[in-house]
Structure formats: C-alpha cells, structure tokens
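Just so it is clear, the values below take in all heavy atoms, side chains as well, and ignore hydrogens, waters and symmetry mates. The structure presented is a predicted model; accordingly, all values stated were derived computationally and were not measured.
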Amino acid sequence: MFSLALSACAPAAPQAEPGWHDGEIAANAIAPPAAAPQAYGPLRFAGGLVLTSQDPLFGGFSGLEIDDGLQLTAISDNGAWLRGQIQLDKEGRLAGFGDGKLAVMTDPRGLALRYKKAGDAEGLAALPGGRFAVSFEHYHRVWIYDLAAGPQSAAIRAGSTIWDSWYLEPNEGLEALAAYGDGLLAGAERSPKGGEAWFWKLPLAGDAAPKPGIAPLSPGFALVGLDQLPPAFGGDYVALERFYTPVTAVRIRLRRVSASGLAAGRFEGPIIAELASPLMLDNFEGVSAIAHGDGARLFLISDDNFRKDQRTLLYAFDWEAKAKS
C-alpha cells in the first residue's frame, strides 16, 4: 500500500463464495509516450496492459506469478485470486488478457476470508505441484494453497514462527515473497526502525524461521516484491522497490539481489533500473521473472488500492543476461 490513509479507502473483503468465476476482465494495450525511453538500464520495455473489470473482487493486486506458458496468477490485498492468460502480438509484446477468472481466498478451514485485515494478501510464490505460498500483513503469516485442487482448497500454515514479525507495523508487513531452495524468501516492506527492510529465510514446515536479516533501502523506498531470476542469472533474485509521496508521486526501482549474498545472510546487489515519468506508473507491488531468450522477461503488476484515480497496470520488460547491470 502507499500509506495507511490509502489502505483505509479499500472496501471490505468480498462476500463471494469460494470457487472460480468469470471475471469479465478487459485489457487495453498501451505504449509509453513518445518522450519515454524504451530502455531502462538493461531492461527494454516489452509492452503494457491496463486491466479493468466491474467485478467487486477485481483490484488491489499485490503479488504476481507468471509461468512459462504465460498463465498469470495474482493475489489481491483484499483476499482474492486472479488468473488469466497473457496474450502477445506478433512482435512478442503484451497485447491482451484472456480466460480471466477470480475467486475469494480461504482460511485453513476452507472458509472465505471475510474481513480486510484477515485477507490482506501481499506476497506470492509458486511452489512445485501447483501450490502457492501467500504472505499476509496486518496478521503477519504465510499460508500455502493448492491451486491444482482449486481455490476453495483450505490454506495450510507454513512454518511455525516468523521471529520478530510482531514488531512490524500492521500495514508494513510481509510484502515480498519468493521460492528459496526448499523454502521461502520473505521480505517486510520496512523494519520498525525505518530506512531498511527485514527479510527471512522461511521453512515451509517444521522449525521456526531464524531472526530477520537486514535489507538496506534508499530513503523513502519500500521493499514490495521478490522473485528468483532464470538460471542464466546464476540463482540471483530481483527485488521491486517503491517510493511514493503525494508531491513527487511514485517511483519504482528494480534491484538484482545476489544469491551468494543471500546464502551468507546478506541482502545486497545493484539497482538495475528506475522507472519514472513520463512512463505511466502506478503502485507496482508484484514482480515475476521467466526465462526469455538468453535472459529474462520481468512482469510488474500494480495495486490500484480500489481507487478510481489509480489503475491496474501489467508491464513487461526484457533483460539480456549478458547486459550490463
């Protein structure tokens, strides 16, 4: 979320029953204005979509996973799932979105999450066998869902304790999530001290996670998304960082996070790109990376906070593995 003030604008959690339904989602392809660059550091813009729907479950998308077949899975911070198929034009740029469907998220009893604070889903990580891990804030936790069995399948709590997460502000919790070996890499938006974020290496089950490590942040930025890069990048990760003030509006950074640093307990690596006006930007909170040629294609999705003056944007950027970063 941009702020506690904006999160207060979000509607109550949706009241639909568990199970997929047609989301009637429209997609309009967009291009950056002529004044906007096509390249941002090593990243090259590969198209964008504005997604819209009148469905009350639509909006607030904060976590993103896209598979090699371009099937999109996203989560809303209002407790909902989104699925659909990304369509490309003949040049391989984003062109459309088909088979869109939505569903409410469920708790470990298989009941729909009915309250905003209970359904504030922020981070998403794909796991083997059609399972997905979801991190939540307000009530800081990670649950595992088996989407292969359908969205109505009950959640399973991952691990036993996330040390020190109870010190996090309710709206600055477990925003970022990615698969990490046999477990998960989770990141909080900010630490209670400010000026940094916290991260954890989480087991899927069993022993409690270790105490958090520190992820340095530039002033005003927050850690909001994580995903592992394709093998061509040596096991490294990409981190999505967001800056917002009402005066300067939104700025988005992408950082390459070193796998060797993470193994040693450090969250470190260079900023590879910063997105800013005149490119159309919004509250990007989800990032997903897939193999593309000899490099990666990065996808970003924005959380519109259920506000009429914001949009759900889906962007793609191509990154050659050998490009300087």
Engineer: Determine the sole option in Y180, F233, Y237 for which the side chain to side chain contact (heavy atoms under 4.5 Å, CB included) test with Q228 is passed.
Structural biologist: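 Answer to the side chain to side chain contact (heavy atoms under 4.5 Å, CB included) test with Q228 among Y180, F233, Y237: Y237.
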Engineer: From the options N305, D304, D309, select the one residue that forms a side-chain hydrogen bond (donor to acceptor under 3.5 Å, both in side chains) with R307.
Structural biologist: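 One option only clears the test, and that one is D309.
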Engineer: So, for A121 and V134, which heavy atoms are closest and what is the spacing to 0.1 Å?
Structural biologist: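 Heavy atoms of A121 and V134 come nearest at CB-CG1, 3.7 Å.
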Engineer: Is any side-chain heavy atom of L51 closer than 4.5 Å to one of N28?
Structural biologist: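 Answer no - side chains too far apart.
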Engineer: What pairs of residues pass the salt bridge (charged side-chain N to carboxylate O under 4.0 Å, His left out) test when at least one of them lies in residues 208-234, not counting sequence neighbours?
Structural biologist: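 Output for this query lists D164-K211.
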Engineer: Are V238 and Y315 connected in the hydrophobic side-chain network, where two residues link if heavy atoms are under 4.5 Å apart?
Structural biologist: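 Same hydrophobic cluster.
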Engineer: Does K201 NZ have over 12 foreign heavy atoms under 6.0 Å away?
Structural biologist: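 Yes, because the 6.0 Å sphere around NZ of K201 holds more than 12 heavy atoms from other groups.
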Engineer: Nearest 0.5 Å, please: how far is CG in L70 from CG in L88?
Structural biologist: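 Rounded to the nearest 0.5 Å, the CG-CG separation comes to 5.5 Å.
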Engineer: Using the rule that Ile, Leu, Val, Met, Phe, Trp and Tyr join whenever any side-chain heavy atoms are under 4.5 Å apart, tell me whether L202 and W163 fall into a single cluster.
Structural biologist: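 Yes, same cluster.
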Engineer: Which residue pairs pass the salt bridge (charged side-chain N to carboxylate O under 4.0 Å, His left out) test with at least one member in residues 46-70, sequence neighbours excluded?
Structural biologist: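 Sorted result for residues 46-70: empty, none.
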Engineer: Verify the ring-centre separation between F221 and F243: is it less than 6.0 angstrom?
Structural biologist: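 Yes: the rings meet the under 6.0 Å criterion.
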Engineer: Where does the angle between the aromatic ring planes of F317 and F45 fall among parallel (under 30°), tilted (30 to 60°) and perpendicular (over 60°)?
Structural biologist: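 Ring orientation of F317 relative to F45: perpendicular.
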Engineer: Compare every heavy atom of L281 with every heavy atom of A276, then report the nearest pair and how far apart it is.
Structural biologist: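 Minimum heavy-atom contact is CA-CD1, 3.4 Å.
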Engineer: Does W20, at its CH2 atom, have more than 12 non-hydrogen atoms belonging to other residues, nucleotides or ligands within less than 6.0 Å?
Structural biologist: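 Correct, the count exceeds 12.
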Engineer: Could you tell me whether the side chain of S53 and the main chain of F58 form a donor-acceptor pair under 3.5 Å?
Structural biologist: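 It does not hold such a pair.
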Engineer: Listing request: all salt bridge (charged side-chain N to carboxylate O under 4.0 Å, His left out) pairs with a residue in residues 287-301, at least two apart in sequence or in separate chains.
Structural biologist: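 Qualifying pairs, neighbours excluded: R297-D318.
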Engineer: With the side chain counted from C-beta on, respond yes when I301 and F61 share a heavy-atom pair under 4.5 Å apart, and no when they do not.
Structural biologist: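 Yes, close enough: below the 4.5 Å cut-off.
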Engineer: Between S76 and G59, is there a donor-acceptor pair closer than 3.5 Å when you use the side chain of the first and the backbone of the second?
Structural biologist: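 Confirmed, S76 side chain pairs with G59 backbone.
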Engineer: Go through it in stages, so that I can follow the logic: the residues are K116 and D77, the test is side-chain contact (heavy atoms from CB on, under 4.5 Å), and I'd like the CA-CA distance, side-chain angles, deciding distance and then a yes or no.
Structural biologist: CA-CA 8 Å; K116 167 62 182 176; D77 59 16; 3.6 Å; yes
Engineer: Sort and list the pairs that fulfil side-chain hydrogen bond (donor to acceptor under 3.5 Å, both in side chains) and have at least one residue in residues 93-112, not counting sequence neighbours.
Structural biologist: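 Residue pairs with at least one partner in residues 93-112: D107-R109.
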Engineer: Do the side chains of E169 and R190 get close enough for a salt bridge, i.e. N-O under 4.0 angstrom?
Structural biologist: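 Salt bridge flag = no for R190 with E169.
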Engineer: When rounded to the nearest 0.5 angstrom, what is the spacing between CG in L279 and CD in Q38?
Structural biologist: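 L279 atom CG to Q38 atom CD measures 9.0 Å (nearest 0.5 Å).
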Engineer: Out of curiosity, E241 CD to E175 CD, how far, rounded to the nearest 0.5 Å?
Structural biologist: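 These two atoms lie 12.5 Å from each other.
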Engineer: Please report the interatomic distance CD1(I25) to CG(L82), rounded to the nearest 0.5 Å.
Structural biologist: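 Between I25 CD1 and L82 CG, I get 4.5 Å after rounding to 0.5 Å.
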Engineer: Could you tell me which residues satisfy ring pair (Phe, Tyr, Trp, His ring centres under 6.0 Å) with F199, sequence neighbours excluded, listed by chain and number?
Structural biologist: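 With sequence neighbours excluded, F199 shows a ring pair (Phe, Tyr, Trp, His ring centres under 6.0 Å) to F267, given in chain and number order.
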Engineer: Check whether any side-chain heavy atom of I252 sits under 4.5 Å from a side-chain heavy atom of Y40, and report yes or no.
Structural biologist: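 Heavy-atom side-chain distance check fails, nothing below 4.5 Å.
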Engineer: Could you go through Q87 and F97, starting from their C-alpha distance and side-chain angles, then the distance that decides it, and tell me whether this counts as side-chain contact (heavy atoms from CB on, under 4.5 Å)?
Structural biologist: CA-CA 6 Å; Q87 300 164 347; F97 187 78; 5.8 Å; no
Engineer: So which atom in A186 and which in L177 form the shortest heavy-atom distance, rounded to 0.1 Å?
Structural biologist: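 So the minimum-distance heavy-atom pair works out to CB-CD1, 3.7 Å.
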Engineer: Can you tell me how far apart CG (L184) and OG (S135) are? Round to the nearest 0.5 Å.
Structural biologist: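 Atom-to-atom, L184:CG and S135:OG are 9.0 Å apart.
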Engineer: If I compare all heavy atoms of P230 with all of G295, which pair ends up nearest, and what's the gap?
Structural biologist: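 P230 and G295 have their closest heavy atoms at CG-O, 3.9 Å.
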Engineer: Any salt bridge between D236 and R256, counting N to O under 4.0 Å?
Structural biologist: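 Yes.
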Engineer: Find out whether D282 and V250 are in side-chain contact, i.e. whether some heavy atom of one side chain is under 4.5 Å from a heavy atom of the other.
Structural biologist: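 No. Closest side-chain heavy atoms not under 4.5 Å.
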Engineer: Report the distance from atom CG of L94 to atom CD1 of I30, rounding to the nearest 0.5 Å.
Structural biologist: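 Reported value, rounded in 0.5 Å steps: 9.0 Å.
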Engineer: Checking M280 against R311 for the side-chain contact (heavy atoms from CB on, under 4.5 Å) test, could you report, in this order, the C-alpha distance in whole Å, the side-chain angles of both residues, the deciding distance, and whether it holds?
Structural biologist: CA-CA 10 Å; M280 183 190 300; R311 298 184 179 186; 3.2 Å; yes
Engineer: Under 4.5 Å between side-chain heavy atoms, counting indirect links through other Ile/Leu/Val/Met/Phe/Trp/Tyr residues: same cluster for V224 and L226 or not?
Structural biologist: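 V224 does not cluster with L226.
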Engineer: I would like to know whether R242 and E285 meet side-chain contact (heavy atoms from CB on, under 4.5 Å); could you show each step before the answer?
Structural biologist: CA-CA 8 Å; R242 182 204 62 223; E285 291 197 352; 2.8 Å; yes
Engineer: I want to check a possible cation-pi pair here: R83 against W81, using under 6.0 Å from ring centre and within 45° of the ring axis as the test.
Structural biologist: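 Checked: cation-pi criterion not met.
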Engineer: Identify the two heavy atoms, one from E189 and one from A222, that lie closest to each other, and give their separation to 0.1 Å.
Structural biologist: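 Shortest heavy-atom separation between E189 and A222 comes out as CG-CB, 3.3 Å.
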Engineer: Test: salt bridge (charged side-chain N to carboxylate O under 4.0 Å, His left out). Region: residues 263-278. Which pairs qualify, not counting sequence neighbours?
Structural biologist: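 Every salt bridge (charged side-chain N to carboxylate O under 4.0 Å, His left out) pair that includes a residue of residues 263-278, provided the two are not neighbours, is R251-E274, R253-E274, R266-E268.
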Engineer: Between I290 and L298, is there a side-chain heavy-atom distance shorter than 4.5 Å?
Structural biologist: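 Side-chain contact under 4.5 Å: no.
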Engineer: Is the distance from the ring center of Y167 to that of W198 below 6.0 Å?
Structural biologist: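 Aromatic pair excluded; centres sit 6.0 Å or further apart.
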Engineer: Taking all heavy atoms of A103 and all of G19, pick out the closest pair and write down the distance.
Structural biologist: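 Where A103 meets G19 most closely, the heavy atoms are CB-O, 3.4 Å.
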Engineer: So, S288 side chain and G286 main chain: donor-acceptor pair closer than 3.5 Å or not?
Structural biologist: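 No; judged by distance alone, with no hydrogens or angles, the pair does not exist.
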Engineer: Can you check whether V257 reaches L262 side chain to side chain, under 4.5 Å on heavy atoms?
Structural biologist: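 Side-chain contact under 4.5 Å: yes.
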Engineer: Any link between L57 and L314 through a network of hydrophobic side chains (Ile, Leu, Val, Met, Phe, Trp, Tyr) touching at under 4.5 Å?
Structural biologist: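 Hydrophobic grouping puts L57 with L314.
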Engineer: With a 4.5 Å limit on heavy-atom distance, are the side chains of L254 and L43 in contact?
Structural biologist: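 Heavy-atom side-chain distance check passes, below 4.5 Å.
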Engineer: Quick one: are F299 and L64 in side-chain contact, heavy atoms under 4.5 Å?
Structural biologist: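 Yes. Closest side-chain heavy atoms under 4.5 Å.
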Engineer: May I ask whether L185 and F132 are part of the same hydrophobic cluster, defined by side-chain heavy atoms of I, L, V, M, F, W, Y residues being less than 4.5 angstrom apart, directly or through others?
Structural biologist: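 No, it is not one cluster - the side chains of L185 and F132 are not joined through contacts under 4.5 Å.
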